[in-house]
Amino acid sequence: MHMTEPAQKLSISARAAPRPSFVDALNEEQRAAVEALDGPVLVLAGAGTGKTRVLTTRIANILASGRARPHQILAVTFTNKAAREMKNRIGKLVGGAVEGMPWLGTFHSIGVKILRRHVELVDLKSGFTILDTDDQIRLLKQLISAENIDEKRWPARQFASHIDGWKNRGLVPEKIPEGEAFAFANGRGRELYAAYQRRLKELNAADFGDLLLECLRLFQDNPGVLSEYHNRFSYLLVDEYQDTNVAQYLWLRLLAQGTGNLCCVGDDDQSIYGWRGAEVDNILRFEKDFPGAQIIRLERNYRSTANILGAASGLIAHNEGRLGKTLHTVGGEGEKVTVQGVWDDEEEARLVGEEIEQLQRQDHALNDIAILVRASFQMRAFEDRFITLGLDYRVIGGPRFYERLEIKDAIAYLDVTLNPANDLKFERIINTPKRGLGSATLQIIHSHARSRSIPMAQAARELIETEELRPKPRKTLSDVLAMFDRWRGQIETLPHTELAELILDDSGYTAMWQKDKSPQAQSRLENLKEMVRFMSEFDSLAGFLEHVSLVMGVDREESEDRVNLMTLHSAKGLEFETVFLPGWEEGLFPHQRHLDEAGQAGLEEERRLAYVGLTRAKTRAKISFTQNRRIHALWQTAIPSRFIDELPEAHVEAIEGQEKFGNYGMNRFDQADGIFSNAYDTPGWKRAKRNAQSEGQPAARRGPLTIDGELVASSTASSSDFEIGERVFHMKFGYGRIAQIDGNKLIIDFDKAGQKRVVDSFVKRH
DNA sequence: TTCAATCGTCTTTTT
DNA sequence: GACGATTGAA
């Protein structure tokens, strides 16, 4: 693709005009991107070149120059985190006036905002609900079985991803290509999709894809509405443009027909959401779709050392489909990127743990360390190890707060209280806690609701007036409905946090977990409390529920110093002094499934993911791979990732295994089949053999005690005030009895989790 | 209707 | 090896 370059020189008058001081801090290209306010602009911003800075300064510049008021700027990001970050940074630049930027947010949140103003035009009613993935699957299941399609053969989950894919491409049922319509349930795909959309309208609900698709349809079908927004927005800004999907692209293009002042910032090398419908092509097509577009490249990297950047650039150069750019470092050489092979994931975790402790001794802040994994299951080994070491860590983007069972249940209660017509939520909690309203009763309610096409709650109300139900469920059902009526009556009078507590207590939901003796019950109760506490930040129940449906997690403000553990995907946009990149093995990274599904394109996307990972590091990047990994509970010999050999020699240091693994990679094909059948005389092999032999005796399962012993000596000296034989409770492992004490480390026989070695501050007396 | 046991499926990434 | 769904017994 042909491009104009470098950025056009500014006119004399522009250069002579007084400019706000914040512009001075920018380099030439950045300044060009900030000051080119008219017409379409594409900023190709490599990793660490000050992308966010350009976006925020640009907005500050628009505001400071008086060209637009805050509410006339539309700025879209992909994540809530990015939106928040942007708000903060603009606030710092222009001094707090960001509160008046109502149109800075994620594509989805802005979509909802627009839809809510024009509900009637998209066939919804005010206060429509947003379905989460769970509800969506439940609904699809019902539809599939109602159509007499074998749910085993055609799983709802799979259909959900089809629908998602269509919506990402802006396709309504009538528009999906023949072939694809036939791909599901022997050609009934389109019919099912249409039925699903109808059902959504009946429920007065929209799923995630609809937030954009319906918005798009709104603009397409109502030119008047569209031009209203043309007048409203004088400037459009888009972050992470490489991640936009077709629907988002079409949406942007419609809006940009207004003033044409569209500025997109992105990096084709960091496009890692192809599986979610992102089209890198959007970035390649920019010039064609927006004639006269200025293209500005930011190639000065302020983040990483030359070695890290060199390694990353060398790697990404193996991709063919890219615009190509050359990043230059501003910083020095720095350390080389290290690559090290280890025996298995436990040893990998042990190695990383040791290195972190060493860094810690050199006063390296834990906050500035990240471990970036390809798939979340890899986190487990690290968590186990860090718990053992007593090393503080946090999981970013891990199990999302609102995806937790107890939170979803609680939210379902709140939702049904506010909106009795929400069938999916109603179904979810009608028998939670167990009240004796099983599938039989539910079935009756369901068919009654369907035949009269009324919400289930109303159907239930009618049914308790009849003889159709047996006396016991009839009584229970009537009680439950009365409960909801009572709560509903208190919405106006009671503060919403108190109402939430009341609902959770009255319904018996809290009691249910209090009775539960499982290890997680305690933390579930705490999560519920956390949720209520969090609710106080909103001024109404409805406001809270809206937030919940759009934002997946609560990012608690955490000031403690902790190691960061996250997936590569959630690391995009972040930076750390030291980055560990474990699990660089064929099959895992690049991930086999992605390769199978998307072939060469998939491989390139995986490579971009590796690039993103490396470029998160400012001073230190440490790659590792294991020789053996357990997949589906059975051991497999792992082959080092091809990405490792693609790294340019000059910037990489291969660390020989401390345990004489020296010639990893060389002998890997010589290894005979079967578990641990390579008879190499290495400590790792012996250890593995020990572990294999002691299967069934949990006592010996945890790695080599000698290594643990050394670490214990180095990391702590204080002794514990627990006693052998005491019953204790641990957040992760549940209840157990102390078997042995070693300094401040306890060896505990857990009822469920077996024997573990744990730091005493992690357990409570029971 | 509920509970316990068993079977089968799957483990990529997310708004 | 973990979870869900399904099955059968109380």
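Worth knowing before you read on, the calculation uses all heavy atoms, side chains too, and leaves out hydrogens, waters and symmetry mates. Below, read A as the first sequence line, B as the second, and so on, with proteins coming before strands; counting in each chain starts at 1.
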Measuring from the side chain of Ser376(A) (C-beta onward, heavy atoms only), which nucleotide among dA2(C), dT13(B), dT15(B) has the closest atom? dT13(B)

Within the pair Asn431(A) and dT1(B), is there a side-chain N or O less than 4.0 Å away from OP1 or OP2? no

Heteroatom pairs (N/O) under 3.5 angstrom, protein to nucleotides 5-7 of chain C:
unit_1, atom_1, unit_2, atom_2, d
dA5(C), OP1, Lys141(A), NZ, 3.2

Check every strand shown and say whether Phe377(A) touches a base, only sugar-phosphate, or nothing at a heavy-atom separation below 4.0 Å. nothing

Check the phosphate of dT14(B) against Thr133(A), side-chain N and O only, distance under 4.0 Å to OP1 or OP2. Yes or no? no

Among dT1(B), dT14(B), dT12(B), the one nearest any side-chain atom of Thr567(A) is dT14(B)

What is the minimum heavy-atom distance between His448(A) and Ala459(A), and which atoms define it? CD2-CB, 3.6 Å

Which atoms form the tightest heavy-atom contact between Ile144(A) and Pro155(A), and what is the distance? CD1-C, 4.5 Å

Atom pair distance, as rounded to whole Å: CG in Leu442(A) and P in dT1(B): 10 Å

Whole Å only: how far is the CD atom of Gln158(A) from the P atom of dT9(B)? 14 Å

Under 3.5 Å between N/O atoms: give me all the protein pairs with nucleotides 8-10 of chain C, atom names plus distance.
none

dT13(B) P sits how many Å from Tyr611(A) OH, rounded? 24 Å

Should the side chain of His591(A) and the base of dT12(B) be counted as holding a donor-acceptor pair, with the cut-off at 3.5 Å? no

Hey, do the aromatic rings of Trp251(A) and Tyr249(A) have their centres closer than 6.0 Å? no

How many Å lie between CD on Glu240(A) and P on dT14(B), as a whole number? 14 Å

Pick the P atom in dG4(C) and in dT13(B), then give their distance to the nearest Å. 16 Å

Closest heavy-atom pair, Leu211(A) versus Ala206(A), reported as atoms and distance to 0.1 Å, is CD2-CB, 4.3 Å

Just to confirm, is there a sub-4.0 Å distance from OP1 or OP2 of dG1(C) to any side-chain nitrogen or oxygen of Arg630(A)? yes

Which heavy atom of Tyr193(A) sits nearest to which heavy atom of Leu171(A), and what is that distance? OH-O, 2.8 Å

Paired with Leu609(A), the side chain to side chain contact (heavy atoms under 4.5 Å, CB included) test is passed by just one of Thr567(A), Ile272(A), Leu372(A), namely Ile272(A)

In whole angstroms, how far is the C1' atom of dT15(B) from the CG atom of Asp132(A)? 12 Å

Donor-acceptor pair present, Arg374(A) side chain and dT13(B) base, under 3.5 Å: yes

Applying a 4.0 Å non-hydrogen cut-off, can you work out what Thr441(A) is touching in the nucleic acid: base, sugar-phosphate, or nothing? sugar-phosphate

Start at the 5' end of DNA chain B and walk down; is the nucleotide closest to Ile272(A) or to Pro155(A) reached first? Pro155(A)

Between Arg435(A) and Thr79(A), whichever has its closest DNA chain B nucleotide further toward 5' is Arg435(A)

Side-chain heavy atoms of Glu406(A) within contact of Tyr509(A), under 4.5 Å: yes

Taking side-chain hydrogen bond (donor to acceptor under 3.5 Å, both in side chains) as the test, write out the residues that go with Ser507(A), two or more places apart. none

Given atom CG of Leu405(A) and atom C1' of dC3(C), what is their separation to the nearest angstrom? 13 Å

Have a look at Phe107(A) and say if it touches a base, only the backbone sugar-phosphate, or nothing, with a 4.0 Å heavy-atom cut-off. nothing

Answer yes or no as to whether dT15(B) has its base stacked against Phe208(A), where stacking requires a ring-centre separation under 5.5 angstrom and planes under 30 degrees apart. yes

Consider salt bridge (Lys or Arg N to Asp or Glu O under 4.0 Å). Of Arg608(A), Arg607(A), Lys572(A), Arg322(A), which one does Asp269(A) pass it with? Arg322(A)

Using atom CG of Asp134(A) as one end and atom C1' of dT14(B) as the other, report the distance to the nearest whole Å. 15 Å

Kindly give the atom pairs (protein nitrogen or oxygen, nucleotide nitrogen or oxygen) under 3.5 Å for nucleotides 3-8 of chain B.
none

Nearest whole angstrom, please: distance from the P of dT15(B) to the CZ of Phe78(A). 11 Å

Salt bridge (Lys or Arg N to Asp or Glu O under 4.0 Å) with Lys51(A): which of Glu240(A), Glu85(A), Glu575(A)? Glu240(A)

How close do Leu481(A) and Phe426(A) get, heavy atom to heavy atom, and via which atoms? CD2-CE1, 4.4 Å

Could you work out, with side-chain hydrogen bond (donor to acceptor under 3.5 Å, both in side chains) as the rule, every residue matching Asp415(A), not counting sequence neighbours? Asn422(A)

Quick one: list whatever passes side-chain hydrogen bond (donor to acceptor under 3.5 Å, both in side chains) with His318(A), sequence neighbours left out. none

